[in-house]
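Notes for the one structure printed next.
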Number of protein chains: 2
Amino acid sequence: MAASQTNQALIRLREMVFTGELSPDSNHYEADLADQLGMSRTPVREAALTMQAQGLVEVQPRRGVRILPISAEDMAEIYDVLCELESLAAARAAEKSYTADDLRIAQVCIDNMDTALSNQDRDAWASADDRFHTELVRLGGNARVAEIVARYTDQVRRARMMTLPLRPLPVQSNEDHRAVLFAIENRDAQSARSLHRAHRQQASTLLTGLIREFGLRRL
Amino acid sequence: MAASQTNQALIRLREMVFTGELSPDSNHYEADLADQLGMSRTPVREAALTMQAQGLVEVQPRRGVRILPISAEDMAEIYDVLCELESLAAARAAEKSYTADDLRIAQVCIDNMDTALSNQDRDAWASADDRFHTELVRLGGNARVAEIVARYTDQVRRARMMTLPLRPLPVQSNEDHRAVLFAIENRDAQSARSLHRAHRQQASTLLTGLIREFGLRRL
DNA sequence: GCATACATTAACGCATACGTTATTAAGGGG
DNA sequence: CCCCTTAATAACGTATGCGTTAATGTATGC
């Protein structure tokens, strides 16, 4: 990817959205963002339009760029999508007769999650979890599925980060991952699909529950 | 949606992509497109960037805007996605206890397909089929699912149109639709899901088969 | 004859400028 | 005191221009 101003703006703005530096439901004028990023309005505007197509922001005349918040309902919608497509990917991966070596990256991610878990390092766990899901979807071999999963993972990234400290230590999660990978290794597509589906439904229930329980309004 | 130049460009360019006026795998300079559309490069460029995020074109420096072609493999990928998400929508719709009146639009679409079929009017059939799938997904109640389905339907729209005359009359298809709608009406989520899944797999096999059989390279 | 270096060209990236238009606030009428 | 009209403001939409840069063709040397 070219290091153009537009791409710089994209990278930086995404970062600002994910970290909450631009808070959910806040509005920002193109000119202000341009000043902050040290460039003119044009590349900022182009980046904003791209991010709008990705569902991260909304561009409205005279109201600037609005950072889209995530509600519990949004979360439920997105996890429904992730649930279907990731479990499809798991099934497809199981059909591909991968060798243990093909699955090494996924294995490493799981190991990293275990390590993070025993260190009670939630950030490291979340990072490894993210990589595991990305790798799983890559193993599924459908680039569109991978793209959609990446996009919607982006949409919930901030909300996940903000609720991370509220979650119980994800012990069950790691066992789920192992089971899914085991099914893929054993070429059991049915199990891989249903195990992963259950895993994601679990996560969905947990997260939407947390948001509702804590009355989190602007994620 | 504002009737801005950018939106005009979006509408017109999408049209040109769908009809094949801009042929698959062809490149077009921003300045040329701007001339054709009677506007400056700026709105054309913005529209092109949005369409790039939607997976319709690719914008590359000094190569202009490239209309992305659809291969049999792309088709298979996209139908895998549509298959999962539409059948999810069908299941969700079945869980919603819709009344016959709620399902009237879908019913009308099916009737229109029947009429078109008996008139051997493939275009009318395709149009009603499109509306049926859109309505089904709307009934599912998940806006993200609806958005993804719309986007990927766009990606295969041109290829579907071009292969339409090659297809046998879709008699089976209409029966499938009735069965899915029947299951939704009867609140049988399992059946709705599996029936629709089978329906889409059928379509996928048919279309990818056609593309391969006729050696269609640039769709 | 082929490869490499260089010059030429033009498409793009981005800054800038300006007219348009929605918003907001102020003022006047009810 | 509230509502409506109107004027001021400023953010945006889009045209334009220019420096940058990649692609292409040419010339030169091996």
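In what follows, chains are A, B, ... by sequence order, proteins preceding strands, each numbered from 1.
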For the pair made of [atom1] in [X] and [atom2] in [N], what is the distance, rounded to whole Å?
X        : N       : atom1 : atom2 : value
Leu10(B) : dT14(D) : CG    : C1'   : 15 Å
Arg45(A) : dT16(C) : CZ    : P     : 17 Å
Asp35(B) : dT16(D) : CG    : P     : 11 Å
Asn7(A)  : dC12(C) : CG    : P     : 16 Å
Leu49(B) : dC14(C) : CG    : P     : 11 Å
Gln52(B) : dG13(C) : CD    : P     : 10 Å
Gln60(B) : dA22(D) : CD    : C1'   : 12 Å

- Message: For dA11(C), does the base pair up with any side-chain atom of Arg62(B) as donor and acceptor (N or O, under 3.5 Å, distance only)?
- Response: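 Between dA11(C) and Arg62(B), which were checked side chain against base, a qualifying N/O pair under 3.5 Å is present.
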- Query: Does a side-chain N-to-carboxylate-O contact under 4.0 Å join Arg157(B) and Asp130(B)?
  - Reply: yes
- Message: Need one value for Glu30(A): base, sugar-phosphate or nothing, where a base atom within 4.0 Å counts as base even if backbone is also close, heavy atoms only.
- Response: sugar-phosphate
- Base, sugar-phosphate, or nothing: which does Thr42(B) touch, judged by heavy atoms less than 4.0 Å apart?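 If one applies the 4.0 Å heavy-atom cut-off, Thr42(B) turns out to touch a base.
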- Item | Side-chain H-bond candidate by donor/acceptor type, Ser127(B) with Arg131(B), under 3.5 Å |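 Per modelled atom types, Ser127(B) and Arg131(B) side chains form a pair under 3.5 Å.
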- Message: What I want to check is whether the side chains of Ser173(B) and Asp176(B) have a donor and an acceptor closer together than 3.5 Å.
- Response: no
- For the side chain of Tyr29(B), starting at C-beta, report the closest nucleotide among dA17(C), dA11(C), dC14(C).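 Ranking dA17(C), dA11(C), dC14(C) by closest atom to the Tyr29(B) side chain puts dA11(C) first.
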- Query: In terms of the nearest nucleotide of DNA chain C, which residue is placed more toward the 5' end: Ser4(A) or Pro61(A)?
  - Reply: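 Between the two, 5'-proximity favours Ser4(A).
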- Item | Ring centroid separation His133(B) to His199(B) under 6.0 Å | yes
